[in-house]
Protein chains: 2
Amino acid sequence: MSNMRHSCMSDLPGFRVTPFLSALSADMIARLSDAGFRRKFRDGQLVHSRGDTLRGISIIETGGAQVGIYGPDGTFILTSYLGHGHTFGEFTVFTELPRTHDVSAVGETTLLQISASRFLAICDEEPAYQRALLVTSLVRAHRLLEMLDALQRLPLLERTAKFLLLLSPENTTSPLLRFRQSDLASSLGVSRASLNRALGELSTLKLIEPGYSQLQIIDRETLQSWLLSRSSKPR
Amino acid sequence: MSNMRHSCMSDLPGFRVTPFLSALSADMIARLSDAGFRRKFRDGQLVHSRGDTLRGISIIETGGAQVGIYGPDGTFILTSYLGHGHTFGEFTVFTELPRTHDVSAVGETTLLQISASRFLAICDEEPAYQRALLVTSLVRAHRLLEMLDALQRLPLLERTAKFLLLLSPENTTSPLLRFRQSDLASSLGVSRASLNRALGELSTLKLIEPGYSQLQIIDRETLQSWLLSRSSKPR
DNA sequence: ACAAGAATGTCGCATATTTGACATTCTTGT
DNA sequence: ACAAGAATGTCAAATATGCGACATTCTTGT
């Protein structure tokens, strides 16, 4: 299946959720750096699969990662893009649960990987690591709740807009999102045809500008307020 | 709107996610107890609303709480039920974000509420509180991811089954869930009619037993394995 | 510059879901 | 025991979405 690799979105490093590393001092980062080992990945290369039980945390040093689940038919449901300073796999360290998601590299990517036992030891020694992780995961849960609400309550057009906002970095006015419509479609749980219609409407409203394997949000603020102005109309 | 209160589910104290308090020693609980103040709520009484900015954590001592979002038309999307030892509002302590959910009491309920500043001080003094909260929130995020995946990927019948499993306590074989079909319907993002059909089918398969304002899962294990046997068939 | 592949845009038809209505069953308060 | 309200069960018509097919546009490698 062709979309098994690089539904890329290369130039979007930070994504909404505050990166773990940004809450740590240079010293603390250096300490992590010593505790783990580095691995390099090519664009699209699989890092972890859903169901894996090897325990440990991964921190993105360069490049990015896409998190989602591949269906048996090859469709990919995207949950989030992670950029520099973000982590994944942390919950394999603190719980007994297997991995829930497939993670693959977006662009040339370097990961710092730390084993569960090693990372636990570090957290016990220095609680600030835990604090940083706690904040990160609370904010992530917040984001997931918003996605959930959008899927349940909003009609297709609004749902699409909301996901675009959730998948784009907060600090830009006019982000360029790099993915195929088919990927966004399965992330929203709709067919490509329906998504295409929705994007068409949003485009007519001059809120976005669809392109080939990419999509530009004309203005985040405008899209946000458009969405707000419609949020009173439920599905 | 009548369903603004008590879509109850009274006798289900612990819900899947490991309660925060269960990870703490008696001493540590006592310390929290001193730091906060108690408030009592009647069945169905509103505790917090989406958008509230008052910051602090709430811990359930007795009774339970239902977490979700009321739509403008009074429909209620349920995210989870919380029982004894669970917390909510913790992310108002560690982030700047407003509350995302409406929380109301299920049955006579006593909450221990601790202000953000107070709780932060406690966490700084004793990192074990943070650790407990970290684990809780990682497991919660895990659960949310499962819900997201179900909404996006599974056909109605399977989606319904999955939500029933996610909303019932893990440690029972044959839980009795207390809610109206209309509430479950909006939690799943479908109409009451569709949900009713789905429940009918599950009932025919002898997997559940629908009742008046309640629903019994005949056997959690059986339902689980039925779901697994169908999970290869995507929407 | 060109061909081949990949992704988008757009059909019509099949299917699933919503909507609004109504009858039925269950529960609760008096 | 009864009436009133609340929730479920079910229907037909309207709508929305999925599916499969195909033409078109864009990109990439040679």
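Convention: sequence-line order gives letters A, B, ...; per-chain numbering from 1.
Residue A/L154 contributes atom CG, which lies 16 Å from atom C1' of D/dA16 at whole-angstrom precision. Rounded to whole Å, atom C1' of C/dT18 lies 16 Å from atom CD of B/Q181. Counting to the nearest Å, the P atom of C/dA7 and the CG atom of A/L215 are 15 Å from each other. A/D183 places its CG atom 13 Å from the C1' atom of C/dA6, with the value rounded to the nearest Å. Rounded to an integer number of Å, the gap from CG of B/L195 to P of C/dT17 is 12 Å. As rounded to whole Å, 16 Å separates atom C1' of C/dT15 from atom CG of B/L157. Atom-to-atom, CD of B/E201 to P of D/dG9 comes out at 14 Å; the value is rounded to the nearest Å. Rounding to whole angstrom units, CD of residue A/Q152 and C1' of C/dT18 are separated by 17 Å.
Residues passing the ring pair (Phe, Tyr, Trp, His ring centres under 6.0 Å) test with A/H101, sequence neighbours excluded: none. Contacts of A/D149 classified as side-chain contact (heavy atoms from CB on, under 4.5 Å), with partners at least two apart in sequence or in another chain: A/R153, B/I69, B/I77. In this structure, the side-chain contact (heavy atoms from CB on, under 4.5 Å) partners of B/T62, at least two apart in sequence or on a different chain, are B/T110.
Ring orientation note: the planes of B/Y81 and B/F179 are close to parallel, at an angle under 30° on the 30°/60° scale.
The minimum heavy-atom distance linking B/Q224 with B/L165 is given by the pair CA-CD1, 3.9 Å.
Contact annotation: B/N196 side-chain N/O to D/dG9 OP1/OP2 distance is under 4.0 Å.
Of the candidates D/dT17, C/dG9, C/dT17, D/dT17 carries the atom nearest the A/R197 side chain, counting heavy atoms from C-beta on. Ranking C/dA7, C/dT17, C/dG9 by closeness to the A/R180 side chain, first place goes to C/dA7.
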Report, one line per pair, each donor and acceptor closer than 3.5 Å where one atom sits in a side chain of residues 192-210 of chain B; sequence neighbours left out.
residue	atom	partner	partner atom	Å
B/S194	OG	B/S191	OG	3.1
B/N196	ND2	B/Q181	OE1	2.9
B/T204	OG1	B/G200	O	3.0

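Aromatic pair A/F91/B/H142: ring centres closer than 6.0 Å.
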Test side chain to side chain donor-acceptor pair (under 3.5 Å) applied to B/S33 and B/R38, step by step: CA-CA 9 Å; B/S33 186; B/R38 262 160 208 81; 2.5 Å; yes
Nucleotide-resolved protein contact map, nucleotides 21-30 of chain C, B/S/- at heavy-atom distance under 4.0 Å: B----BS---
Pair pattern of DNA chain D in dot-bracket, where unpaired bases get dots and | marks partners in another strand, Watson-Crick or G-U under 3.5 angstrom: ||||||||||||||||||||||||||||||
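A residue-by-residue look at B/S194 and A/Q214 shows that A/Q214 has its nearest nucleotide of DNA chain C further toward the 5' end.
By the 4.5 Å heavy-atom criterion applied to side chains, A/E146 and A/R143 are not counted as neighbours.
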